[in-house]
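What follows is a short report on a single structure.
What you see below is based on every heavy atom in this structure, not just the backbone, and it leaves out hydrogens, waters and symmetry mates. Counting starts at 1 for both ligands and their atoms, in listed order. All values derive from a computational prediction rather than experimental measurement.
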Amino acid sequence: MRQLLLTGAVLLAAACGTAPQEESMDQVRNRVFDVARVQAVYMDSLLTEGRCPRTFQGDTLVTSDIGWWCSGFYPGVLWQVFEETEDPRFLRLAVKHTLPLAGLLDRETDHDIGFQLMSSFGKMARDLPSHDPGFSECDEEDLSPKEVLTRGAATLAARFVPEAGVLRSWNWGPWNIPVIIDNMMNLELLMAYGDRDVAEKHALTTARNHFRDDGTTFHLVDYADDGSVLGRQTVQGYTDDSAWARGQAWALYGYAMMALKEKEAGNMDLAETFYGVAAKLEDWLLPRLPEDGVPFWDFSQNDLRDASAGAIIACGFLRMWNLRGRPADDPALAMAERILRTLASPEYLAEPRTNGGFLLKHSVGNIPSNSEVDVPLTYADYYFLEALTLFPVSASPRSIN
Ligand code: GLY
């Protein structure tokens, strides 16, 4: 409804010959969450039991089982809509789509349990106690959300290879001990519910071996059993030496998250180290983003944009801005605003009850495998909503020129 009113106000201003005012960021956030409410319910109506949304292609909602690395993001969207609106309908939907993920607890094939559980049970653990304790038992073992997270963290920590100082990413492929930069995002599960020492060692090893002199990151590093580096390459980027946009986004967000966790714990040396990795990458990114802020899928390319990378980078910038003490004239804050305004424009934001229930259009999953090219993706929506809620409510509109 707020969206309709706003559109009406802009049309009225245009009809009267007055220039429409730029929407404040509060208005952008309200408008997007109004669309998110409709889309989240619409998506639920399209899903059959046990299926998770993956993308929308050729007018078809493509789904996955809970094993797909993105299975936590739709529940995470529902939790975010519930947190924003406090509408109990979204609490029910969020619980409904979160509980099946308890089936992942003993999954040992990859590192993705951090993504899957933190976006779903991580939010349930935070939101549920104050709302409805009746939902607190998650499966036939009567696990609470915190117990699910603790067991999931132990499953992730079991992937640690002490001699190499890293968590193995995948159990498949031609590598010895493959580690992709995306793995930084799984560390939050360990920092909150598991072995922090393992998370710190992984982040320190990755800081040493994944980054180029200019601050950008390779996608995959393969380790020998003794921890020496066997090779560095891309899997989802354009070339081994190019900067795959979402890889840079995971690195920025991952090291900003680690810096924040260490700062909260009073470990200022580690906080500085992790902040430094993210800050160097942030300095590289800021002048290289396009005018509207949303990156191309790889920084060496100029064909397709990746809304998911834009949303994650906006979250990373806002976390870095928080770590700096929230200065009003911060260039990363200004760029985050630019990205969010672009993603909230009709070019990216879907019309209600279209797009398979996804919020955003124009993301890129894996171009080298010709998979999920210029489509909606759950994680674009999840991090878009997160960035909107991280954005300061009283600091807009703002110019970054
Ligand atoms: N593997 C996570 C991603 O595609 O970014």
Answer yes or no: is there an ion pair linking [X] with [Y], defined by an N-O contact shorter than 4.0 Å?
{"X": "E347", "Y": "K361", "answer": "no"}
{"X": "E282", "Y": "R324", "answer": "yes"}
{"X": "R37", "Y": "D87", "answer": "yes"}
{"X": "R51", "Y": "D65", "answer": "no"}

Flag [X] as yes when one of its N or O atoms lies below 3.5 Å from any N or O atom of ligand 1, and as no otherwise.
{"X": "W250", "result": "yes"}
{"X": "W69", "result": "no"}
{"X": "Q236", "result": "yes"}

Could a heavy atom of F115 be found less than 4.0 Å from some atom of ligand 1? no
Return yes when W170 approaches ligand 1 closer than 4.0 angstrom through a heavy atom, no otherwise. no
Element-labelled atoms of ligand 1 that are located less than 4.0 Å from some non-hydrogen atom of R246: 3 (C), 4 (O), 5 (O)
Protein heavy atom at shortest distance from atom 2 (C) of ligand 1: D182 OD2, 2.9 Å
Within 45° of the ring axis of W297 and under 6.0 Å from its six-membered ring centre, is that where the NZ or CZ of R246 lies? no
Can you list the steps and then say if F391 with L318 is a side chain to side chain contact (heavy atoms under 4.5 Å, CB included)? CA-CA 7 Å; F391 199 88; L318 289 165; 3.9 Å; yes
